[in-house]
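Counting starts at 1 for both ligands and their atoms, in listed order.
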Amino acid sequence: MKPNFIAGEWQSATDFIENLNPSDTHDVIGRYAQASAAQLDAALDSAREAQRVWAATGLEARANVLDAVGRELMARSGELGELLSREEGKPRAEGVGEVYRAGQFFTWFAGEVLRQPGDAVASVRAGVDVDVRREPIGVVAVVSPWNFPIATASWKIAPALAFGNAVVWKPANLTPASAVALTEIIARQAIPKGLMSLVMGSGRQVGQRLVEDPRVAAVTFTGSLEVGRGVAAAAVRNLTRVQMEMGSKNALVVMDDADLDLAVSLAVNGAFGGTGQKCTASSRLVVHNRVHDAFVEKLVARTLELKVGHALQAGTQIGPVVSEQQLEANLAYVELAAQEGATRLCGGTRVERETPGYYMEPAVFARTHNAMRINQEEMFAPITCVIRADDFDEAVDIANDTPFGLTAGIVTRSLARASAFRERSRSGCVMVNLATAGTDYHVPFGGTRQSSYGPREQGRYAVEFYTTVKTSYIHAGEAE
Ligand code: NDP
């Protein structure tokens, strides 16, 4: 059984889950311990102690730890990416890319350890100096999802450690192997015992207890809107700081002046990459009437060419869906789309492959309108819906007409339209002639409205969440 890492020790448990490969459910990746309440308690107690030691550790030593973690992730991205793809189901190349990216989060934040400027200002009172500096907040609870099991955790754990905090990490139970692999690398570094704990277990039990615990100073969560609401409510009860990144319903707008081949590539990549299981997925394609038919024809042709298969098989472009439950939810949306009057142009069915898995053909729906539930609810599925727009203004209004606001894209050759779209979009990330999915690691990531809550993640903005500000007034007195 793969143990949890608690208070500096690998600890087994009486409860465990089996981790199945979604590309081949006969392949049991391993059994993973489920942390008990007492183990979570021990993790939190030791984190508090370790955090004080870590905050007092010299910046260079802290930077070296992050740098070493990042370099190892990058060096081992092939091996760890394969493991990630085996348990999550994304094609091997995407798994390898994700692990490499995770390494970049650590090396980038290693640099940030050394870049923690404060302010020294004159007081309004004579003889008084004021200095403003950032300090760690304490123990950070990290609750992460299965769809980017290493990258999401890394963009939370790296800044938490960089700015002097301790981490208690509850990964998604669907992807524990990636969590153990990342923890093993961090655990081998020169860090105080208990600074980093891994507490695997179900969200309802271990996750809920963790976010409710008053020893936690800050909760960073990525996952569904519904669970996010509960996490925020639990955190606020203790006045715990909280940051959340949840779902979205991202639109890619295709204008009548767009390079249609580019638009189709971006749509296919944005809608079906990661089997559509991305918070940045292009689940709505808002297409100008004048190019609608030509775009749809090319889109369907390209979608039909996509090779759905085992994540680790050469040539696979779309892996399986992550779980039976997720596949059932996806098929229920296909059913709903038909009930709502949408026209299915391709895909949307479960398919068999050589090995038993959760395979689904990517689906394109046309004749949809934005008020349909399929255009308002996050599906997290390889399903995309085309919506017609008469002109630029209508396209922008449709793109914005959702309770979410993570990413939005436009494909156009017009600089004026691109600029106007950037200005009028109500999303946190805007893409011009790029897919809605795919962001950089050194700049902030997050959305508006129901997509995100609390301070931004990543880049220079991460410091806001992971630190608190201390203002010191010093009256030196007269020199003798
Ligand atoms: P969840 O929101 O259920 O899970 C996210 C994380 O929260 C997991 O680690 C989960 O643990 C944990 N969790 C679950 N319940 C609680 C709780 N009560 N208290 C604390 N932590 C909890 O997402 P799912 O993984 O189940 O995916 C469901 C849907 O969520 C998807 O279909 C998609 O729509 C959306 N989603 C969005 C993501 C995004 O990037 N925006 C990422 C993932 C999902 P465990 O999994 O072990 O139960």
Side-chain angles (χ1 to χ4, degrees), residues 4 15-17 19 22 32-35 40 87-90 98 141-153 155-156 168-176 178-179 198-213 216 219-235 237 240 242-250 273-281 283 321-333 358 374 376-383 403-407 428-429 436-437 439 445-447 449-453 457-458:
N4 279 301
D15 281 354
F16 62 86
I17 50 139
N19 183 10
Y32 290 80
Q34 304 287 281
L40 176 60
E87 74 170 350
E88 198 271 349
K90 60 184 70 175
E98 179 180 336
V142 172
V143 180
S144 60
W146 47 264
N147 63 331
F148 283 96
I150 280 197
T152 305
W155 78 57
K156 296 174 184 297
V168 178
W169 177 23
K170 209 304 281 174
N173 243 352
L174 279 170
T175 49
S178 299
L198 172 70
V199 289
M200 294 179 285
S202 84
R204 279 204 197 124
Q205 290 172 14
V206 179
Q208 187 72 36
R209 272 201 290 267
L210 175 62
V211 300
E212 283 175 353
D213 198 287
V216 169
V219 175
T220 174
F221 166 86
T222 298
S224 62
L225 178 60
E226 192 190 312
V227 172
R229 284 189 205 282
V231 167
R237 226 169 283 136
T240 299
V242 62
Q243 166 193 73
M244 304 193 300
E245 203 273 293
M246 296 159 292
S248 195
K249 202 65 198 168
N250 314 294
T275 321
Q277 302 170 137
K278 293 186 185 179
C279 47
T280 51
S283 53
V321 169
V322 75
S323 65
E324 182 70 41
Q325 197 189 2
Q326 187 75 40
L327 179 54
E328 279 166 16
N330 297 356
L331 297 176
Y333 272 116
Y358 313 122
I374 50 166
Q376 289 294 316
E377 296 173 18
E378 181 174 53
M379 296 190 266
F380 235 54
I383 301 176
F404 299 106
L406 187 56
T407 70
C429 303
T436 57
T439 54
F445 172 70
R449 298 170 284 158
Q450 294 186 5
S451 287
S452 297
Y453 186 79
E457 301 199 77
Q458 303 182 25

> If you take all heavy atoms of Gly447 and Ser452, which pair is closest and at what distance?
Replying inline: N-OG, 2.7 Å
>> When you compare the side chains of Thr220 and Gln243, does any donor N or O come within less than 3.5 Å of an acceptor on the partner?
In response: yes
>> Taking non-hydrogen atoms within less than 4.0 Å of ligand 1, which protein residues qualify?
In response: Val143, Ser144, Pro145, Trp146, Asn147, Lys170, Pro171, Ala172, Asn173, Gly201, Ser202, Gly203, Arg204, Gly207, Gln208, Phe221, Thr222, Gly223, Ser224, Val227, Val231, Met246, Gly247, Cys279, Gln326, Glu378, Phe380
> So which heavy atom on Val219 is nearest to which on Ala235, and how close?
Replying inline: CG2-CB, 4.3 Å
>> I need the minimum non-hydrogen distance between Asn19 and Tyr32, along with the two atoms involved.
In response: CB-CE1, 3.5 Å
>> Under the criterion side chain to side chain contact (heavy atoms under 4.5 Å, CB included), I'd like the reasoning laid out for Gln34 against Gln205: C-alpha separation, chi angles, the key distance, then a yes or no.
In response: CA-CA 10 Å; Gln34 304 287 281; Gln205 290 172 14; over 6 Å; no
> What do the steps show when you test Trp155 against Phe148 for ring-ring contact (aromatic ring centres under 6.0 Å, His included), and what is the final call?
Replying inline: CA-CA 11 Å; Trp155 78 57; Phe148 283 96; 7.1 Å; no
